[in-house]
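Input: a single structure, listed below in structure tokens.
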Amino acid sequence: MSDAPKLDFIREIIAADLAVGKHATVITRFPPEPNGYLHIGHAKSICLNFGIAAEHAEVGAKCHLRFDDTNPEKEELEYVESIKTDVKWLGFDWGEDLYFASNYFSYFHDCAIHLIREGKAYVEQESAEEMRAHRGNLTSPGTPSPGRSLSVEENLQLFASMKAGEFKEGECVLRAKIDLASPNMNLRDPVLYRIMHAPHHNTGDAWCIYPMYDFAHPLEDAHEHITHSLCTLEFENHRPLYDWFIENCPVPSRPRQIEFARLSLSYTIMSKRKLLELVQGGHVGGWDDPRLPTLSGLRRRGYPPEAIRHFCKRIGITKFNGTTDVALLEFDVRDFLNHAAPRRMAVLDPVKVVLENWSTEPLAVVEVPNHPQQAEMGNREIPIAAEVWIEREDFMEVPEKKFHRLAPDRHVRLKGGHIIRCTGFEKDAAGAITVIRAEILPGTVGADAPEGVACKAAIHWVDVATGIDAEVRIYDRLFTVEDPDAAEGGFLSVLNPESLTTLAAKVEPALAAADAGFSCQFDRTGYFIADARDHQPGVKPVFNRTVALRDSWAKRG
RNA sequence: AGCCUCAUAGUGUAAUGGUAACACCACAGAUUUUGAUUCUGUUAUUCAAGGUUCGAGCCCUUGUGAGGCUACCA
């Protein structure tokens with residue numbers, strides 16, 4: 001668990017800034033737009049920004065949580081609340097530093113007026129299409145539009161009219177006057193304000209003009225005295241514009257934008273557009289559907305926040321645009337759960353075993369450790385009687401070569417309990433096993449197999465009379481949902497689509513068989529800690545499994 | 001096409017100009033009352049070509065490949 005103390009390039013820049021006294025402290029920010037739920041990709045940014053603040057606590061470093069809510073058409077209060085919940089769940093705390101870009105609307109407006117007075121902004125009355133045409137393209141420069149030659153007075157008046165609601169949406173915008181010939185398209189007189197006659201979740205109807213990201217963001221950062229504004233690579237080309245606003249507006253501080261590569265995970269849908277589509281289209285149960293890579297989905301699935309944080313630390317921060325294998329994430333989940341999760345037994349596709357000589361040893365309870373290595377987790381007592389459920393796949397009428405579990409005349413241990421020997425079985429008309437007959441070997445609880453008895457495996461079991469040992473979650477490669485873009489039957493992130501239906505078929509009878517407290521979900525954490533990953537269609541799943549107790553970590557934080 | 005950025009095992013990430021390494025994955029053995037865990041071992045890496053240098057993954061040039069940019073989204 002020793003993490004390399006190496007500094008990534010961002011932390012190096014910050015350390016250097018601190019060392020030369022450029023800043024006395026560090027202030028970062030996590031600035032989501034409240035237009036959806038946070039997902040695993042956001043976790044990287046959250047861990048980076050809050051992590052850096054925590055690492056420099058000795059100089060009073062902080063990380064702000066700021067909602068970048070400058071577009072009333074896309075944003076909702078529900079998202080604000082979910083984001084706060086998810087950041088907290090991940091283990092971070094913004095303290096008093098919760099902000100909304102919408103609270104700075106009048107500051108943005110002041111800056112716009114300032115730019116107009118300086119002759120650095122003007123009102124454009126062309127349509128979006130005309131502006132696009134006049135902006136030129138990647139190889140040819142743009143050409144001046146009529147608005148560019150308006151006087152300061154005219155612009156001031158026009159902008160006041162915009163703000164007063166005297167224009168309809170799309171009739172005009174405020175643009176910065178920078179460089180229509182710049183090879184960087186972002187500098188070709190970008191739009192600062194557009195008209196939107198839409199109520200804002202925070203400011204209501206107070207405004208009908210709303211600032212664009214490029215204009216608002218640097219001002220938000222400066223206003224909050226952010227020292228290092230960390231964002232993803234796609235904003236690289238925006239940095240000159242970011243700096244231009246810092247240079248030309250009345251700002252109280254001079255933040256620096258630094259870009260890093262966003263997280264891209266194999267087999268995982270990370271596009272907000274697609275996630276929205278899945279949720280709104282009813283393809284999944286909601287933003288917290290356990291099949292989704294949203295933080296709330298991962299939470300329901302049983303992913304411990306510690307594992308996600310450790311994963312983020314391990315993948316590092318660079319400018320390299322790669323795709324991280326989801327196996328890296330899964331390792332951290334398994335690694336954490338393996339140490340932290342108490343174990344339970346579960347049977348998903350049950351077949352009954354009748355212990356025919358049960359009355360010869362009327363033991364009613366066996367004591368089972370909650371964790372195979374960590375004795376301090378204690379033991380629990382499980383009732384057992386003459387009938388138990390075992391997994392259907394733990395029995396083979398005709399065992400194949402490396403099969404070590406139950407088969408006619410073979411021995412197997414009921415995990416934590418007795419060694420049993422199969423004495424027979426019954427089938428129904430269709431040829432399916434209906435019941436297995438067995439006998440217990442007296443005195444084998446907590447003891448090795450007697451001389452001459454070959455017992456090479458211990459299987460999960462559940463007492464028929466008293467019900468199951470635990471609430472269960474299924475661990476499998478179910479990161480997945482159907483791809484709305486695929487013609488049909490396409491999966492975006494399943495390696496093994498069959499496993500979904502296979503497991504569904506297994507869970508149904510299990511649900512029917514068990515009454516009290518049994519609930520199965522299509523989660524991937526806890527059922528198989530590792531092996532289900534190797535499922536291939538048509539290949540039998542690995543029999544050994546670990547069931548981690550859900551509540552023990554789902555309730556954290 | 002112009003501009004910006006990036007390039008190290010299958011994946012991610014390291015390496016003051018001085019022996020290319022760590023983790024994951026994969027595979028093979030040992031232990032195991034979870035075919036898990038644990039332990040041991042194995043395979044495999046600097047995009048290409050030039051240049052500077054005693055010495056280049058690192059510096060320079062060119063090329064190749066990948067990503068980003070022509071929203072009144074963020």
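Quick caveat, the model's predicted, so the values are computed rather than measured. Within every chain, numbering begins at 1; the chains are lettered A, B, ... in the order of the sequence lines, protein sequences first and strands thereafter.
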*asked:* Tell me whether the side-chain N or O atoms of A/Gln373 pair up with the base of B/rU37 as donor and acceptor below 3.5 Å, since no angle test is needed here.
replied: yes
*Where the side chain of A/Asn338 is concerned, which of B/rC25, B/rU37, B/rG2 is the nearest nucleotide?*
B/rU37
_Euclidean distance, A/Asp189 CG relative to A/Met131 CE, rounded to 0.5 Å_ = 8.0 Å
*Closest-nucleotide ordering on RNA chain B, the 5'-leading residue of A/Tyr213 and A/Lys415*: A/Lys415
*asked:* Angle between ring planes, A/Phe108 versus A/Tyr104, binned at 30° and 60°: parallel, tilted or perpendicular?
replied: perpendicular
*Scan A/Val412, A/Leu406, A/Val462 and name whichever one has a side-chain contact (heavy atoms from CB on, under 4.5 Å) with A/Ile390.*
A/Leu406
*Would you indicate what A/Arg413 reaches in the nucleic acid, counting non-hydrogen atoms under 4.0 angstrom: base, sugar-phosphate, or nothing?*
base
*Quick one: label A/Lys402 by what it contacts on the DNA or RNA (base, sugar-phosphate, nothing), any heavy atom closer than 4.0 Å.*
base
_Rounded distance in Å - NE2 (A/His418) to P (B/rU33)_ = 18 Å
_Rounded distance in Å between the C1' positions of B/rA74 and B/rG18_ = 47 Å
*Closest to the A/Asn71 side chain: B/rA71, B/rG2, B/rA74?*
B/rA74
*asked:* Under 4.0 Å, counting only non-hydrogen atoms across every strand here, what does A/Tyr193 touch: a base, just sugar-phosphate, or nothing?
replied: nothing
_For Watson-Crick and G-U wobble pairs within 3.5 Å on both distances, what is RNA chain B written in dot-bracket notation, | included for inter-strand pairing?_
.((((((..((((....[..)))).(((((.......)))))....(((((..]....))))))))))).....
*asked:* It should be established whether A/Arg239 places a side-chain nitrogen or oxygen under 4.0 Å from OP1 or OP2 of nucleotide B/rC69.
replied: no
*Is the side chain of A/Thr28 donor-acceptor paired with the backbone N or O of A/Asn49 at a distance under 3.5 Å, no angle test?*
yes
Between protein and nucleotides 57-59 of chain B, what N or O pairs are separated by less than 3.5 Å?
none

*May I ask you to decide if the ring planes of A/His42 and A/His39 are parallel, tilted or perpendicular, using 30° and 60° as cut-offs?*
tilted
*Have a look at A/Ser127 and say if it touches a base, only the backbone sugar-phosphate, or nothing, with a 4.0 Å heavy-atom cut-off.*
base
*Under 6.0 Å from the six-membered ring centre of A/Trp207 and within 45° of its axis: does the NZ or CZ of A/Lys163 meet both?*
yes
*asked:* Is it the case that over 12 heavy atoms from other parts of the model lie below 6.0 angstrom from the CZ atom of A/Arg262?
replied: no
_Please classify the nucleic acid contact of A/Val191 as base, sugar-phosphate, or nothing, using heavy-atom distances under 4.0 Å._
sugar-phosphate
*Please work out if A/Glu126 contacts a base, only the sugar-phosphate, or nothing of the nucleic acid, heavy-atom cut-off 4.0 Å.*
base
*NA contact type, A/Gly446, heavy-atom cut-off 4.0 Å: base, sugar-phosphate, or nothing?*
base
*Indicate the atoms forming the closest heavy-atom contact of A/Cys208 with A/His197, along with that distance.*
CB-ND1, 3.6 Å
*asked:* Categorize A/Lys74 for me: base, sugar-phosphate, or nothing, with a 4.0 angstrom heavy-atom threshold over every strand shown.
replied: base
_I want to check something: taking the side chain as every heavy atom from C-beta on, are A/Asp69 and A/Tyr79 in contact at a cut-off of under 4.5 Å?_
no
*If you look at every strand shown and take non-hydrogen atoms under 4.0 Å, does A/Arg132 touch a base, only sugar-phosphate, or nothing?*
sugar-phosphate
_Regarding A/Ala449, tell me which of base, sugar-phosphate or nothing describes its non-hydrogen contacts under 4.0 Å with the strands shown._
nothing
Expected rows: protein N/O vs nucleotides 10-18 of chain B N/O, under 3.5 Å:
{"residue": "B/rU11", "atom": "O3'", "partner": "A/Thr323", "partner atom": "O", "Å": "2.9"}
{"residue": "B/rU11", "atom": "O2'", "partner": "A/Thr323", "partner atom": "O", "Å": "3.3"}
{"residue": "B/rU11", "atom": "O2'", "partner": "A/Asp325", "partner atom": "N", "Å": "3.0"}
{"residue": "B/rG12", "atom": "OP1", "partner": "A/Thr323", "partner atom": "N", "Å": "3.1"}
{"residue": "B/rG12", "atom": "O2'", "partner": "A/Ile315", "partner atom": "O", "Å": "3.1"}
{"residue": "B/rU13", "atom": "OP1", "partner": "A/Thr318", "partner atom": "OG1", "Å": "2.6"}

*Parallel, tilted or perpendicular for A/Tyr210 and A/His200, by the 30°/60° rule?*
parallel
*Which nucleotide in the list B/rC73, B/rG2, B/rC25 gets nearest to the side chain of A/Arg334?*
B/rC25
*Go through B/rA74, B/rG68, B/rC25 for me and flag the one nearest to the A/Asn237 side chain.*
B/rG68
*Starting at the 5' end of RNA chain B and moving along, which residue's nearest nucleotide shows up first, A/Lys456 or A/Glu75?*
A/Lys456
*Give a yes or no on this: more than 12 heavy atoms of other residues, nucleotides or ligands lie within 6.0 Å of atom CD of A/Glu451.*
no
*Less than 4.5 Å apart, any side-chain heavy atom of A/His228 and any of A/Ile258?*
yes
*asked:* Please determine whether a side-chain nitrogen or oxygen atom of A/Arg194 lies at a distance below 4.0 Å from atom OP1 or OP2 of B/rA74.
replied: yes
*So what does A/His217 hit on the nucleic acid, given a heavy-atom distance under 4.0 Å: a base, only sugar-phosphate, or nothing?*
nothing
*Give A/Asn137 one of three labels, base, sugar-phosphate or nothing, depending on what nucleic acid heavy atoms sit under 4.0 Å from its own.*
base
*Establish, with yes or no, whether the OP1 or OP2 oxygen of B/rA71 is under 4.0 angstrom from a side-chain nitrogen or oxygen of A/Arg188.*
no
*Report, as yes or no, whether the 6.0 Å neighbourhood of atom NZ on A/Lys319 holds more than 12 heavy atoms from other residues, nucleotides or ligands.*
yes
*Say you pick atom P in B/rU19 and the same atom in B/rA15; how far apart are they, in whole Å?*
14 Å
